[in-house]
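These notes concern the structure reproduced below.
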Amino acid sequence: GENVGLHLPTLSVQEGDNSIINCAYSNSASDYFIWYKQESGKGPQFIIDIRSNMDKRQGQRVTVLLNKTVKHLSLQIAATQPGDSAVYFCAEGWANNNDMRFGAGTRLTVKP
Amino acid sequence: GAVVSQHPSRVICKSGTSVKIECRSLDFQATTMFWYRQFPKQSLMLMATSNEGSKATYEQGVEKDKFLINHASLTLSTLTVTSAHPEDSSFYICSAREKRGATYNEQFFGPGTRLTVL
């Protein structure tokens with residue numbers, strides 16, 4: 001199910017490198033996706049979103065890629081900085097509906 | 001950007017007592033608010049969805065009589081954990097969504113409330 005309690009996978013990168021965080025979403029009918037960043041002891045922070053009619057969207061230092069064929073979402077962070085260290089969650093849902101469901105999350109650690 | 005606040009940020013209580021957590025949207029009207037629970041090193045699990053002026057919709061497995069949700073206004077929702085037990089200790093996070101035109105905006109999350117039940 002979409003809210004399964006799992007231990008977080010981790011990704012460790014060197015400062016300045018690019019990071020790629022992956023997410024497999026569960027519902028092929030989902031048409032709206034969001035990436036969130038959560039720092040320790042804080043609530044999730046919106047990073048970037050994408051609608052299902054797109055396969056790529058770019059923000060400041062971040063790019064989201066959507067592959068609907070295999071239900072895969074990725075977040076690319078360019079020139080990763082120590083401040084990017086956090087847990088990153090993807091969420092799926094529908095743009096005209098309230099409901100968003102969170103994936104398991106990935107812990108990103110940036111080494112100086 | 002839109003701001004959502006939660007109060008208190010941390011609470012410690014004795015087993016058997018009830019705890020109320022407030023969630024406020026500070027600069028927008030939230031037609032819908034969500035309550036999540038997050039255990040250590042795990043993802044956010046949706047507990048319930050509340051629309052202003054109507055009863056909350058609870059996710060499967062979440063006891064509505066234990067987790068009372070009130071969404072009395074467009075800027076305030078409360079979650080009351082009744083007769084709390086140590087297994088209720090968790091990080092509770094609310095979010096709020098504003099309806100703009102025909103589509104919904106993204107959710108804005110509060111900073112979370114750390115509940116510890118002794």
Quiz item: What's the shortest heavy-atom distance between A:Ala104 and B:Ser43, and which atoms?
Solution: O-CB, 3.8 Å
Self-check item: Closest contact, heavy atoms only, B:Arg97 versus A:Tyr32
Solution: NH2-CE2, 3.7 Å
Would you say [X] and [Y] are hydrophobically clustered, going by side-chain heavy atoms of ILVMFWY under 4.5 Å?
X        : Y       : answer
A:Ile50  : A:Trp94 : no
A:Leu11  : A:Leu75 : yes
B:Leu115 : B:Ile12 : no

Practice problem: Sequence neighbours left out, what passes ring-ring contact (aromatic ring centres under 6.0 Å, His included) with A:Tyr25? Give chain and number order. | Solution: A:Phe33
Neighbour count above 12 (heavy atom, 6.0 Å) for [X] [atom1]:
X       : atom1 : result
A:Gln60 : CD    : no
A:His72 : NE2   : yes
B:Lys66 : NZ    : yes
B:Arg10 : CZ    : no

Practice problem: Can you measure from CD (B:Gln38) to CZ (A:Phe89) and round to the nearest 0.5 angstrom? | Solution: 5.0 Å
Practice problem: Run the numbers on B:Leu44 and A:Gln38 for side chain to side chain contact (heavy atoms under 4.5 Å, CB included), then give the verdict. | Solution: CA-CA 10 Å; B:Leu44 283 74; A:Gln38 186 181 27; 4.0 Å; yes
Practice problem: Evaluate ring pair (Phe, Tyr, Trp, His ring centres under 6.0 Å) for A:Phe102 paired with B:Phe34, printing each intermediate quantity in order. | Solution: CA-CA 13 Å; A:Phe102 280 74; B:Phe34 306 87; 9.7 Å; no
Quiz item: How would you list, in number order, the residues of residues 77-96 of chain B that have a heavy atom less than 4.5 Å from chain A?
Solution: B:Phe91, B:Ile93
